[in-house]
Amino acid sequence: MKIKKYTASSMPDAMKLVRNELGNDAVILNSRIVFTGGLFGFFRKKNIEVIAAVDQKIQNGTKPIQKEKSTNIVSPPFISTPQPKMANNESVATSSVQTNDILKEINELKALIKSSHSESEKIFSAYPQPIQMIQNVMNEHEFSPSLTEKFTLSIMEKWYSISSHKSSEDSIELLHDEIIQSLSNKSFGGISFRKKYVNVVGPTGVGKTTTLAKIAADCVINHKKKVAFITTDTYRIAAIDQLKTYAQILNVPIEVCYSINDFKMATKKFEAYDVVLIDTAGRNFRNKKYIEDLKQVIDFNEEMETFLVLALTAKQKDMEDIFHQFSSIEINKFIFTKADETSIYGSIINLVEKYNMGVAFITIGQNVPDDMISASPEVIANLFIRGLNP
């Protein structure tokens, strides 16, 4: 048995070194991230350290020749058991592989490489069980592949830096903390009250009018603000009636605007109010004319905060298309609705990360004003770990 340790800047480079010296029959015994160089602990370079082995009889050509395509080496990123820290890793590895347990593990890894149906399955099954659990959570919530890879690598480093490993269940907290850290540089929470006008836009059926009523109730009841409504949703009579009903319950005035002149008159009428909430019509988001129609009715030059309302029951691709359609308007934050109608929340973090934009509110039902949560990194992280349960 010939065993060697290799260090390279990436796993593909390490695999190239292994292949060139040990051949395609080599088996990866262990791999880990190591840091080299640096000054006073800073500017360290991240490398991959790989310990590989090959049966010398096979390497010397005594293995029977088989007519089949050579199998590429697939490196399991980490084996499930942590390696003890020793002064001389190579000598420890050389002596330890001669035990029956290590030889058995080598054979199992060989079988894994030959029998798996896809490279991704091989890599995944070689992760420690707690890391597999974390990846399962991300896959179930439909995290984007790039985020899954990013979080897995970061969590892996933290996992192996812990002197005494936690249980599989406790390791999920690493994902919870990773999500919070990733979102910490975004803007979260409801109305800032730094701008007088608050506008909600979005496609039909996402619950804009009900959400606006919840925001109004929050402003009146919890923040003691003087609130008024403006609606430009003149396409649905029911929408006007619905908002008028909410206005009566909350005892706030409402103006219906059909043109930009109506809008300007309404803003003058509400000069003495603290917050003016603006409802817009829900239209087919694929129709670009709808966005232009908005600009004909709403003066976006006003001091305005605009929220894009998206339903979590929608497809990720549709959400992205909606965002791009509304991108000609300055969007400040997302509002995600219908969180109670799904158990998959990956689109939240996918969109926040992709467009570098925070979240104002998440709605969890139709009750006004109760079924709305002010968003924060902690609230969003909890969705992935505990769902809607506290």
Side-chain angles (χ1 to χ4, degrees), residues 136-148 175 179 183 186 188-190 199-215 217-218 233 235-236 238-239 242-243 246 279-287 290-291 306-327 329 331-355 357-390:
N136 282 333
V137 171
M138 291 189 285
N139 290 336
E140 287 170 3
H141 282 285
E142 298 180 1
F143 277 54
S144 68
S146 60
L147 273 182
T148 300
L175 175 59
I179 293 171
L183 300 178
K186 312 294 190 303
F188 285 88
N199 180 34
V200 295
V201 298
T204 181
V206 295
K208 293 189 301 299
T209 302
T210 303
T211 300
L212 203 68
K214 293 175 184 176
I215 295 173
D218 180 60
D233 189 357
Y235 294 91
R236 294 186 306 127
Q242 183 184 11
L243 198 59
Y246 289 132
D279 192 20
T280 59
R283 303 283 296 281
N284 185 345
F285 68 89
R286 298 190 183 280
N287 187 349
Y290 164 50
I291 310 300
T306 299
F307 299 144
L308 176 60
V309 184
L310 299 171
L312 289 173
T313 52
K315 298 176 183 177
Q316 171 86 28
K317 179 61 167 59
D318 286 342
M319 290 182 175
E320 293 180 9
D321 289 346
I322 292 166
F323 179 86
H324 288 301
Q325 193 72 289
F326 282 92
S327 60
I329 299 170
I331 305 296
N332 300 104
K333 293 177 186 175
F334 293 113
I335 293 178
F336 291 104
T337 61
K338 304 188 179 183
D340 57 313
E341 297 181 26
T342 183
S343 59
I344 298 173
Y345 305 112
S347 54
I348 297 177
I349 194 166
N350 291 341
L351 293 173
V352 167
E353 287 287 323
K354 184 170 184 175
Y355 301 116
M357 185 173 296
V359 184
F361 299 104
I362 297 173
T363 71
I364 56 174
Q366 296 184 342
N367 293 326
V368 179
D370 299 326
D371 293 342
M372 183 175 71
I373 304 170
S374 181
S376 69
E378 291 78 9
V379 166
I380 292 174
N382 287 339
L383 282 177
F384 298 107
I385 307 305
R386 304 179 186 91
L388 292 177
N389 297 321

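All values below come from the heavy atoms of this structure, side chains included, with hydrogens, waters and symmetry mates left out.
Distance CD1/Ile344 to CZ/Phe143: 12.0 Å, rounded to 0.5 Å. Here CE of Met372 is found 11.5 Å from OG1 of Thr210. Values are rounded to the nearest 0.5 Å. How far OG of Ser347 is from NZ of Lys317: 14.5 Å, rounded to the nearest 0.5 Å. Interatomic distance, Asp340 CG to Ile362 CD1, rounded to the nearest 0.5 Å: 11.5 Å. Distance CD1/Ile373 to CG/Leu383: 7.0 Å, rounded to 0.5 Å. Atom CD1 of residue Ile385 and atom CD1 of residue Ile179 lie 5.5 Å apart, to the nearest 0.5 angstrom.
With a 4.5 Å cut-off on side-chain heavy atoms, Phe188 and Val379 do not count as touching. In this structure the side chain of Ile331 reaches within 4.5 angstrom of the side chain of Val201, judged on heavy atoms. Using a 4.5 Å cut-off on side-chain heavy atoms (C-beta onward), Tyr246 and Val368 make contact. In this structure the side chain of Ile349 reaches within 4.5 angstrom of the side chain of Phe384, judged on heavy atoms.
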- [ ] Could you walk me through whether Ile335 and Ile215 pass the side chain to side chain contact (heavy atoms under 4.5 Å, CB included) test, one step at a time?
- [x] CA-CA 11 Å; Ile335 293 178; Ile215 295 173; 4.1 Å; yes
Task: side chain to side chain contact (heavy atoms under 4.5 Å, CB included) between Gln316 and Leu351, worked out - done: CA-CA 8 Å; Gln316 171 86 28; Leu351 293 173; 3.7 Å; yes
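Val352 and Lys186 get closest at one heavy-atom pair: O-CE, 3.7 Å. Closest of all the heavy-atom pairs between Gly190 and Lys333 is O-NZ, 3.4 Å. Here the closest heavy-atom approach between residue Ser374 and residue Gly189 is recorded as OG-CA, 3.6 Å. The minimum heavy-atom distance between Ala339 and Ile364, with the atom names listed, is CB-CG2, 4.1 Å.
Of the possible polar contacts, one joining the Thr280 side chain to the Val200 backbone as a donor-acceptor pair under 3.5 Å is found. A donor-acceptor pair is defined here as one N or O able to donate and one able to accept, closer than 3.5 Å; no such pair exists between the side chain of Asn350 and the backbone of Leu147. In this structure, the side chain of Lys338 does not engage the main chain of Leu310 through any donor-acceptor pair within 3.5 Å. With hydrogens and angles ignored, the 3.5 Å screen pairs no side-chain donor or acceptor of Asn332 with any backbone N or O of Phe307.
Residues forming a salt bridge (charged side-chain N to carboxylate O under 4.0 Å, His left out) with Lys315 (at least two apart in sequence, or on another chain): none. Every residue two or more places apart in sequence or in another chain that forms a salt bridge (charged side-chain N to carboxylate O under 4.0 Å, His left out) with Glu320 is listed here: Lys354. By the ring-ring contact (aromatic ring centres under 6.0 Å, His included) test, Phe361 is found to be paired with no residue, residues two or more places apart in sequence or in another chain being considered.
Taking 4.0 Å as the cut-off between side-chain N and carboxylate O, Asp218 and Lys214 do not count as a salt-bridged pair.
Ring orientation note: the planes of Tyr355 and Phe323 are close to parallel, at an angle under 30° on the 30°/60° scale.
Tyr345 and Phe336 have their aromatic ring centers separated by at least 6.0 angstrom.
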